[in-house]
Structure formats: structure tokens, C-alpha cells
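A note on names: the letters A, B, ... follow the listed sequences, proteins ahead of strands, and every chain is numbered from 1. Please read all numbers here as calculations on a predicted model, not as lab measurements.
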Amino acid sequence: MKKIILSIFLPALLFILVISSCKKEENVEPDPTLGLTKQAEGYAVGAATKVVVYTKEALVYTGYNKFYIALYDSVTGKRVDEAHIHLMPMMNMGAMQHSAPYDNPISENAANHLFPCSVVFIMPSMGGGSWTVNLNVHNHVSDKEGELTIPFTVVDPAKSKMKSFTAAHDGGKYFISLIEPSAPKVGINDMEIAIYKRATMMSFPADSSLLVTLTPEMPTMGHGSPNNVNPAHTGNGHYKGKVNFTMTGLWKLNLDYMAGTAVADTTTQFFEVQF
Amino acid sequence: MKKWLSFLLCTSVCFNTLAQKNISITTDSLHIIELNELTVSGIIKTPQQHLVNFFKSNNAATLEDILSRLPEISILRRGAYGMEPSIRYYSDGQINVLLDGMQIHGACTDKMDPATIYIEPINLQNLQVQTGNSGFANGSAIGGTVNMKMIEPQFDCHNKITGAFNSGYQTAAKSVYESVRLNYALGNWAFAVSGTYRNSKNYKSGGGEIIPFSQYKKVNYSISAKFQYNKSTYFKADFLADDGWNIGYPALPMDVGYATAKIASLSMHNENFRKRLYKWQAKIYANSIEHFMDDTKRPFVPMHMDMPGFSKTVGAFADGELKLNAKQKLLFRADGASTFLTASMTMYQAGQPNMYMLTWPDNRKNKYGFSASWLLQPDSTMQIKLSGRTDMVLSNLTTSEAKNQISILTSTFNGRADFLKNISAQISKKIGQKIKLTSSIGYVQRMPTATEMFGFYLFNSSDGFDYLGNPSIKPEKALLVEASVIYNVKKCRIQWSGYYNRVTNFIAGKIEPSLSTMTIGANGVKSFSNIPFTSIAGAEFSVYIKPQNAADIVSTVKYTWAKDNNNNPLPFVAPLKNITSVKYQLKKISVQVETEAALKQSKISKQYGEDATPGYFLIHTRFGYITTIYKKEVELQIGAENVLDKKYHEHLDWGNLARPGRNFYIQLKIAF
Ligand SMILES: [Cu+2]
């Protein structure tokens, strides 16, 4: 009896093992940059590291841009998944310079071989002004540190993704960028904005002090939508909520800002979303 | 209480013979039916038989014209076409409207296409109206059932084409009506085909004002085949199609460019009175409705839109009657149906992307039900009937697009299952030879409609609100009490029925002040919600007198009273209404005078933006002449409706839309 069981089950077990191992071999790891656009590459001098910058969108736009940075050992070509990356965007307008808000990669460890980070370009590249982002890379594998400066051409998107206002309550200049919804649909959508306050021309720290009220509106028909959730601060200047679209078309996301009980923005800023 | 109003429509000699059979059933009804007679169970009401005569005097009448003459039925009207029947206040999802027992769900979010539009009177064999306590046998409902029974192919005239041709013209809407019905039998097979064409222009209301967007055009055709397998068994296949186009709905902001219905069924019927299971039938069916609604012809529209809707149902049922012993029998039915619905709206604005949303997010309802009635006749004067039905209803959204959209209203909806229960008890007692008393009590439930669960910003032009569905709305429940008295002497028959219903979890729109309207110019947004209870009561009274053989007088009165839990009147309650017909038949000539009168309705629902409706009094006259030319029966009818050319509307008419004014008609029928 035992033999019969063995003679039936062992080959079956082997067969399953073979099949599953075959499958594993077929399962080649997908390219982590699939669907992303390569914007720039270069070498961080001193760190012996090749740097490649990817974005989700084809172009770099005024407003919030998510960057995905891949690092490679410039000698072996192997991926570097442990590193410290520090960003410094800079607008050079000849007579003057200013920086922009940004988020460094949160972790020293790459997520799926990439280091996500972001830059909020607060104006487009123009005749007299050009954007660069300086990347300081500390390669933890080789423990070497180096720098690289990449020029970017920033263009305005069809629908503005960044707004700013001078606050009524503290006179500060606030920059608001729309992150989500990036793929709007009829139904519930994630709503995410990032708010940075200008401290100096070179420093735009994340802000967590504002209360945001969201009022979606369909301007051609003059109606709104029910059951929206106001964006609330979740960390690093990011505010998350929910926005509901009841139909396709052009929508306005009206946003009002309060600092405690004081009105921060006396106008109503809005983002347009069309799908 | 079970009521069968049997309406017999005869379009040919062949069908006349059929009709006679049915009349023999109805004349039987004055005494309680002996169980061993094995005819239609329950009590059959005959005064309405007169309305048959009324109907027969106008062959161009629509089904709505007939329905509106029944004391239990009122008509919700949004234009000259697609009027919606209501039984004692209840309509839409509160009642079943069935075609030969089949469920047909309209494809219009604005209820423009009740199933009654698909049956042309030339195809109608009879109309069965059952109120609350016995109206749930074919499907859980609180308001009852209208079942339209189609004419079957006949074997009476063998190997010969028989049939009838109708042609008519009416002046109020300059409307043309043509119809033909043919029957042919050969061996064990019988076939019938029918076709109807209607073309109606904008009608004139009383005083001569033309009502724009009240026109319609339609064709309706059907084909049936019947195969007699043996003495007690036959098979039947039916196909019916209806195409309507350029249909205006003057009380609504939208019209219909094109609407089509295809309805098909296969059935098996068995009748053998020597067997215990002496009668049964089984049927499978499918129907598909397409409805293209738009406002492109309306002037001054802020934004043009298209609102197409689609409905598909497949179903099956079996019912039968079982003789338990000489005094008891059992009626049963098992059925299942699956209905898919979807409707959307696309709005157009120059220079803007199209705006699109689902108004009925794609949804499917699967319903499985079983019902049974037990009849007991302890002695020849008494009958007891106990009925019950259960329904298992599974409702869900079928696409992620639909789910995403409904997530705006309810963050999680993963379908719902409802288990509905209906029970009733009825007792009838004959006192002497002249009086019969019947009373009944029941507890019934009904499923919320797709609109009530998933409707998305559906504009109701009656109260001017956008309506949002509520996926977790509870089924309506009702306690029904009914009583009736029939007094019958040789030349006079009087019937009175009274009822009281208490509906709990009544579904009504609740104003949502925080929500913004979608429809430009709407008054606000309402969402469907359950209100604690409503009370609905009423009475119907009818009298039938035959003072001499050639004359008939029939008169009906109905009254309904309906209030919610805060003692506010409910909307769409018909006022006291009377219809009286006097008909005199003199050999080949008939003369009929009919009056129609309604009192003012001032018990109105302010919440629904209703206003009071004035009373009215109308006179209709009809003349008929029947003769035989070349062995063909030829019938000519002329008449005038609303002779006084009164400008009026009924309280149930949307938008205070005036009804047709003086209307002359001429009608020719040739039977062969
Ligand atoms: Cu419609």
C-alpha cells in the first residue's frame, strides 16, 4: 500500500516541483523602469556611480514631478540599491538664482531598484532662466560620495498643476502642487496635494499648518459632487483626501486654505482636471 | 382578494368563438366556483365586462384607454404615449406588469416605456388585474399585478386564412391607425401574425391649443405558432417586436428618437381534468429593450444630451393547479428571471469634452421565487384561500465602471441579497342568493427598483429634483386589508370594495440640502430613503344595470386617500372619479354616451411641488354600425370624445399637461 502511494505521489510531487521551478525561471524580473521615461543620465564624479533619472510623464512639467533614480556602479555596471541621494534644484536667471521645493528619497534603500524622489519646479524654463538639479550621491556600496548636475527643460502642462498664493495671515508665500488624481475616473479618486512655504529663495520647507477645503465643480454645468474628503496633512507637506467625479469632462478642484480660524488665502485657487 | 377582470377582444369570427368560451367562465362567477368545476379560481368580477363593450366600440383604442376605464387602475401620463398604469395608487416597482406571465423591465430611466406599450389591443386576449392580497402570486409586490394575456393561434377555422383588418383616423392628433391580424391552421399546427401601425401628430387640447412634442410613430408585429401534441398538451412559440420612433413626451424635458423591444418565448401547456395535476404550463422567455432618449429637438436647452438605456431579461416559470380532493385545491408557481440594465448620459457642449456618466450603472438582478395558494371550500357558500410567496433576489453591479461610480454614494457595495415574503388569507361567504361578502388580510413586500438602488442623478421633472439611488435601501412592506360586497339581482349588480393599506419602509425621496444638483435648473437633490410608514385607503364602487335587453348602464366610482406618517398627503393620488356609460343596441346600430367626471384634488403633496387639480366633466359619444358585405363582417364606428372640448388634465398627469380636446374618430373593421 505504502509503495503504491509512494509510486503515485512521488512522481506527482516531482512533476509539480519541476513545473514550479520552470515557472520561476520563466518569470524574469520585469524591468522596474517599464512605463517610465528616461530624462537624463550622467556620472556622479567622485562616487564612481552612474545616475539615470526617470519620470512618469514624458516631459518635465511646472509643478510636482516624481523622479525615479537608478544608480549603477560605473565600473561593474551593477545596480546600486543602497545610497543617500540629496537633491538641490536651482533656477539660474543670470542676475539671480532661486531653488524650488523638493522631496529627497525617504530611504537609503532603493524600492524595486529605484530611489523615488520629487521636485516641484515652480516656474517653466524660459529664455533667460534655466533649471538644473544638483544630485549629491553617497554610494553606500562603495562608500564613495560624488556630485552631478543635470539640466532640465521644464514646460507648462496643458492644465496647470501648481499654484501659489501670498498668505493673508502670515504674509508667507505658499506653493501648492497637485499630485493626485493623476489618472482621473468617474467615481472615487485619491486626492493629493503637496504644500511648501518659501522660507528663503533657497529653502522651501514642507508645510503642515493649513486646513484645506476641497470643492469640486463642473464649470460647464455648475454642479459639484457629493461625499468628497478634504485633503489633510499626512507628512512631508503632503495632504491626502478624496475627490469624486460624477461624470467625465472638465472639472475644477476649488481649494480654500485656512490657518486655524484665519483665512490663509483670500482668493479661491483651483486646479483643472479633464478626462 | 383575488379579482380577475377578464377582457375579451375579438377581432375575427374565430376569435369570437374563443371569446364565448371565456364569457361562460365569467358569467359563472356570481356564485362561488365549485372546485370540481376547475375553472378560474377566486372571484371574477363582471361589471367591467361592460367596459369591454365600451372598448369594442373603439377598435383604435390603446391598451391605456382600456386600462384607464378599470376602477382599480389610474394612469400616470407624461405625454400621448407610454402611459404608466397604477393599481390603487401603486405603480412601477410596487406592482407587476406582466405579458403572458413574463417579466419585462423598461429600458428608460424616466419610465417612458412601461411594458403595457408592447401589447396592441388586437393582440390582447384578456387583461387580468389582481390587487394586493392576491397580486403577488407572480412576483413579490405590494400593489398587485396586471397580466396581459396575448391571443393564441386558433384551430377553429381549418385550412383557411381568417382575420381582421382595422383602419382608423382621429382628428385631435391627426392620427392614423392600421392593424391586421391573420390566423391559419393546418393539421396540428396553428399560426397567427399581427401588425399594427400608428402615426400620431401633435394633439390639440381643449380650446384648440396644439401640444408640442406629443407626436409618436410606431409599428408592432407579432408571430405565434402553436403545435397540438396530443389532446391535452400543446406547445407554443411567440415572438413580438415593437419599434417606436420620434416619440414626444411633452411633460418631460426629453423625447425618444427610437425605442425597440423584442420579446420571445417558448411554452408548453397541459390541461387534463381527469388528472390530479389537471392544469400546468412551463415557459422560457427572453426579451431585450433598447431605448434612445434625447433632447436634440427641444429648443432653448442649455446643453443637449443623449440618454440611451438597455434592458435584457431571461427567465422561466412553471405554474399549475392541483386537485387535492373534492373540496381543496392547490395553485403553485415557480419562477426565475435575470434582468440586466444599463443606461448612460452624454452631454455635449461646444468647445468642451463630452461629459459622460452612467445613470443606471450596469446592474443585474437575479430573482428566484415560489408561490402557492391553497383553496378550501367547506360548503357551497364559503371559500377560504391561503396564499404565500417567497422571493430570493440578488442584485449587483456588473462592471468596475459601475462600481467606481456607485462608490461615490456608498464606499463599499458588493451586491445585496434580499429574501422577500408575502402571505395572505381570504374568506368569501355567500349570504342567500343575492349577497356575497369577501374579506382578506395580507402581509406583502416588494424589492426596491434599480432606480431606487442605483439611479444616478435621475431628474424627475415632476418635482424638479435630481434623484440619487440608495444601494442599501430596505424593501417596502405592507399590511393589506380588503373587503368587498357584491349584491346581485336579475337586472342589477352592485359591487363595493374597500381597502386599507399600511406601508412601512415606504420609499420616497429625501431632500439632501448639502448636495449640488447635476441637472441645470433643478430644485435640488433627493436621495431615496425609507420613511416610517404611509397609510393608503380607498374604495371602488360599481353598478351595472340592464333595464332592458338592448340597453346597458355601467357606472364606476373610485376614491383613494393616502397620507404619510406626518399626515401629509402623498403625491399622485387620484381624486374621486366616476365613469358612466349608457349603451343602446338596436339591431345593427349601437349608440353609446359616456360621461367622465372627477372632483377637484386639493389634498396635494407640497414636498413634491404638486398643485391642486380642478375637477372636470367630459362627455363622449360613440356610434357603431355592423353589417355584412360579401359575407364579410364590416363594422363602422364614428364618435366624438370630449364633445364639450374641455381643457382639462387629471391629477396624475405630469406637468399639468392638458389632455386632448374634442376628438372625432372614424374606424372601419373588416373581419374575414
Ligand atoms: Cu426615456
Side-chain angles (χ1 to χ4, degrees), chain A residues 57 156-161 178 180-192 211-232 234 240-256 258 268-275, chain B residues 301-307 344-359 361-362 397 399-413 454-459 465-471 512-527:
Chain A
E57 318 240 0
D156 276 332
K159 302 278 178 207
S160 168
K161 298 219 161 197
L178 182 70
E180 295 290 348
S182 55
K185 63 176 196 293
V186 176
I188 295 187
N189 292 267
D190 287 331
M191 170 84 189
E192 185 177 354
L211 297 172
V212 184
T213 307
L214 163 69
T215 318
E217 180 195 353
M218 190 153 222
T220 37
M221 298 184 71
H223 65 74
S225 70
N227 302 332
N228 299 286
V229 179
N230 288 328
T234 55
K240 288 183 182 172
K242 297 280 180 195
V243 58
N244 288 314
F245 297 127
T246 53
M247 63 181 77
T248 67
L250 174 71
W251 285 84
K252 266 167 87 174
L253 308 181
N254 295 302
L255 294 165
D256 289 290
M258 302 280 287
T268 294
Q269 305 267 350
F270 63 86
F271 291 104
E272 284 186 332
V273 174
Q274 185 175 313
F275 64 104
Chain B
V301 172
M303 188 176 292
H304 282 296
M305 57 182 86
D306 285 337
M307 294 182 73
S344 65
M345 173 159 83
T346 306
M347 286 154 285
Y348 306 95
Q349 177 88 329
Q352 290 283 338
N354 291 346
M355 288 162 272
Y356 172 86
M357 69 182 206
L358 295 168
T359 45
D362 311 358
L397 299 167
T399 59
S400 58
E401 194 187 0
K403 284 177 185 165
N404 284 340
Q405 203 181 303
I406 283 301
S407 67
I408 294 174
L409 306 178
T410 322
S411 50
T412 49
F413 179 77
F454 311 123
F456 204 73
Y457 288 95
L458 292 174
F459 180 64
F465 277 78
D466 280 334
Y467 275 73
L468 281 177
N470 175 353
E512 299 280 359
S514 65
L515 299 186
S516 75
T517 61
M518 195 281 298
T519 305
I520 294 168
N523 296 331
V525 178
K526 285 184 183 177
S527 65

Could you tell me the separation between the CE atom of B:Met357 and the CE atom of A:Met218, rounded to the nearest 0.5 Å?
->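 Between atom CE of B:Met357 and atom CE of A:Met218 there are 9.5 Å.
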From B:Met355 CE over to A:Met221 CE, what is the distance, rounded to the nearest 0.5 angstrom?
->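 One gets 6.0 Å once the value is rounded to the nearest 0.5 Å.
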Residues in side chain to side chain contact (heavy atoms under 4.5 Å, CB included) contact with A:Leu211, at least two apart in sequence or another chain =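 Per chain and number, A:Leu211 pairs via side chain to side chain contact (heavy atoms under 4.5 Å, CB included) with A:Met258.
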Between chain B and chain A, which donor-acceptor pairs sit under 3.5 Å apart?
residue: A:Gly224; atom: N; partner: B:Ser516; partner atom: OG; Å: 2.5
residue: A:Asn227; atom: ND2; partner: B:Ile408; partner atom: O; Å: 2.7
residue: A:Thr248; atom: N; partner: B:Tyr356; partner atom: O; Å: 2.8
residue: A:Thr248; atom: OG1; partner: B:Asn354; partner atom: O; Å: 3.2
residue: A:Thr248; atom: OG1; partner: B:Tyr356; partner atom: N; Å: 2.8

Quick one: of A:Gly222, A:Pro226, A:Gly249, who has the most non-hydrogen atom pairs under 4.5 Å with chain B?
->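 If we count pairs closer than 4.5 Å to chain B, A:Pro226 comes out on top.
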Of the backbone (N, CA, C, O) and the side chain (C-beta and beyond), which part of B:Met303 lies under 4.5 Å from a heavy atom of chain A, both, or neither?
->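 The side chain, not the backbone.
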Options B:Ile406, B:Ile408, B:Leu515, B:Ile520, ranked by heavy-atom pairs under 4.5 Å with chain A, top entry =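 If we count pairs closer than 4.5 Å to chain A, B:Ile408 comes out on top.
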